[in-house]
Amino acid sequence: MIDRQLGLNAWGIYLDQAQLPVLRRTVTELARLQEKEDDLNGRELAAVILHDPIMTVKVLRYLESHRGRSQITDITTIDRAIMMIGTTPFFKQFADQPIIEDSLADYPLALEGMMQVMSRARHAAMYALDWSILRHDVTTDEVVVAALLRDLAEMLLWCFAPGQMLEIRDRMRRDPTLRSAATQQEVLSFRMIELQINLASTWHLPKLLLSLMDESHAELPRTKCVALAVALARHSANGWSDAALPDDFAAIRDFLKISPDEVWERVRHTALQTAQGWEWYGVHPAAAWLPMQTAN
């Protein structure tokens, strides 16, 4: 754990060398799938990985670091990555991983914050998936991965700098008028998006995924889909009475070109369906993730 302020480059170096922890449920599910490896479907394995943003980036990072000369295109989806790695090498490479819940056992409030961000990322990914299908996007999986990884830097800082992340959270709670980017700059000496870009460059993550996560390219439909999904997940995590949600719903309506009632029904269906997997993150889908009709 880092309890002192580090610069952006120092954090990039540290996280590049660190053993990144994954969810306990991820380890359990991968062990279960390994027992039936001979009959394993690659999509089933990908579905487990895509519940865990850190596991997802570890797979992409591993594949990039073992890129062969014959691979001339980036691998941007997890099922394709598994196909390239192979199931037996995959299980061998990702055995005995550190576990988030163990790493943060002495920091229960930080563990709670970490799990909330992980759950939020999963919701964003599922919103992006639903909207991509509606728009007949032929590569929905890329949008899912981009939404899932959009707040990766925040997750990693919860893991390795829990004290500083709690300070940011507490300042924002004491003064809701504070801007998150400014608070991050004060506490960390940089903004989380800067660390996100630093890591993406260091790990040579696929350029397509980076463009989908870069809101400066919001004029591109697929990038806008990711941005809207991430915003909806972030705001609804505060409860379905969050003041930003009406603007989110209006933007989604304009983007998808459907009626307000249909927007609400699609969001509600996805939120309820995704919340059924709350055990992955230990975040019970009570008020935050269960949309009520009054939110329309």
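Note that this is a predicted model, so its numbers are computed, not measured. Note: hydrogens, waters and symmetry copies are ignored here, and every other heavy atom, side chains too, is used.
You'll find the side chain of Leu188 reaches within 4.5 Å of the side chain of Ile168, heavy atoms only. With contacts defined as side-chain heavy-atom distances shorter than 4.5 Å, the pair Arg122/Met126 qualifies. Contact check for Leu156 versus Leu195: no side-chain heavy atoms found under the 4.5 Å cut-off. Side-chain contact between Ile49 and Ile82: present, with at least one pair of heavy atoms (C-beta onward) separated by less than 4.5 Å. Between Leu148 and Asp52, the closest side-chain pair of non-hydrogen atoms is not below 4.5 Å. Two residues are said to be in side-chain contact when any heavy atoms from C-beta on lie closer than 4.5 Å; Cys225 and Ser132 meet this criterion. Within the 4.5 Å cutoff, the side chain of Met165 has heavy atoms near those of the Glu154 side chain. The shortest distance between side-chain heavy atoms of Leu30 and Leu45 falls below 4.5 Å.
Summarising the geometry, atom CH2 belonging to Trp278 is positioned 11.5 Å from atom CE belonging to Met115; distances are rounded to the nearest 0.5 Å. One distance of note links CD of Gln184 with CZ of Arg171; it measures 11.5 Å at 0.5 Å rounding.
A donor-acceptor contact shorter than 3.5 Å is absent between the side chain of Glu64 and the backbone of Pro206.
Asp79 and Thr77 are linked by a side-chain donor-acceptor pair at a separation below 3.5 angstrom, with hydrogens and angles left out of the test.
Partners of Ile85 by side chain to side chain contact (heavy atoms under 4.5 Å, CB included), not counting sequence neighbours, listed by chain and number: Val59, Tyr62, Leu63, Pro89, Phe90. Asp151 is linked by a salt bridge (Lys or Arg N to Asp or Glu O under 4.0 Å) to Arg120, Arg234, counting only residues two or more places apart in sequence or in another chain. Under the side chain to side chain donor-acceptor pair (under 3.5 Å) criterion, Asp141 pairs with Arg43, not counting sequence neighbours. Judged as a side chain to side chain contact (heavy atoms under 4.5 Å, CB included), and not counting sequence neighbours, the contacts of Asp175 are Thr177, Leu178. Annotation: salt bridge (Lys or Arg N to Asp or Glu O under 4.0 Å) contacts of Arg80 (sequence neighbours excluded): none. In this structure, the side chain to side chain contact (heavy atoms under 4.5 Å, CB included) partners of Arg4, at least two apart in sequence or on a different chain, are Ile2, Leu6. Under the salt bridge (Lys or Arg N to Asp or Glu O under 4.0 Å) criterion, Glu37 pairs with no residue at all, not counting sequence neighbours.
Applying the salt bridge (charged side-chain N to carboxylate O under 4.0 Å, His left out) rule to pairs touching residues 92-104 yields Arg24-Asp102, sequence neighbours excluded. Listed by first and then second residue, the salt bridge (charged side-chain N to carboxylate O under 4.0 Å, His left out) pairs involving residues 125-135 are Asp130-Arg266 (not counting sequence neighbours). Counting only residues at least two apart or on different chains, the ring-ring contact (aromatic ring centres under 6.0 Å, His included) pairs with a member in residues 18-51 are His51-Trp280.
Membership of the apolar cluster around Ile193 extends to Ile197, as traced through chained side-chain contacts below 4.5 Å between ILVMFWY residues.
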Exercise for the section: Apply side-chain contact (heavy atoms from CB on, under 4.5 Å) to Ile54 and Leu152, showing your working. Expected result: CA-CA 7 Å; Ile54 296 181; Leu152 177 67; 4.2 Å; yes
Exercise for the section: Begin with the C-alpha distance, continue with both residues' side-chain angles, and end with the deciding distance and a verdict on salt bridge (charged side-chain N to carboxylate O under 4.0 Å, His left out) for Arg169 and Glu112. Expected result: CA-CA 12 Å; Arg169 189 194 68 177; Glu112 178 184 350; 5.0 Å; no
Practice task
I would like to know whether Thr139 and Arg222 meet side-chain contact (heavy atoms from CB on, under 4.5 Å); could you show each step before the answer?
Solution key: CA-CA 10 Å; Thr139 49; Arg222 300 174 81 216; 2.7 Å; yes
Practice task
Please assess Leu149 against Leu60 for the test side-chain contact (heavy atoms from CB on, under 4.5 Å), listing each intermediate value before the final yes or no.
Solution key: CA-CA 11 Å; Leu149 299 184; Leu60 293 174; 4.1 Å; yes
Practice task
Take Tyr127 and Leu228 through the test side-chain contact (heavy atoms from CB on, under 4.5 Å) and record every step on the way to the result.
Solution key: CA-CA 9 Å; Tyr127 292 135; Leu228 290 173; over 6 Å; no
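Within a 6.0 Å sphere centred on CZ of Arg32, heavy atoms belonging to other residues, nucleotides or ligands number more than 12.
Smallest separation of non-hydrogen atoms from Leu245 and Ser236: CD2-N, 4.0 Å.
Linking Ile, Leu, Val, Met, Phe, Trp and Tyr residues whenever their side-chain heavy atoms come within less than 4.5 Å places Leu134 and Val267 in a single cluster. One hydrophobic cluster, built from ILVMFWY side chains closer than 4.5 Å, holds both Leu157 and Leu104.
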Please output the side-chain donor-acceptor pairs of residues 9-23 that fall under 3.5 Å, not counting sequence neighbours, one pair per line with the distance.
unit_1	atom_1	unit_2	atom_2	d
Asp16	OD1	Arg61	NH2	3.1
Asp16	OD1	Trp203	NE1	2.9

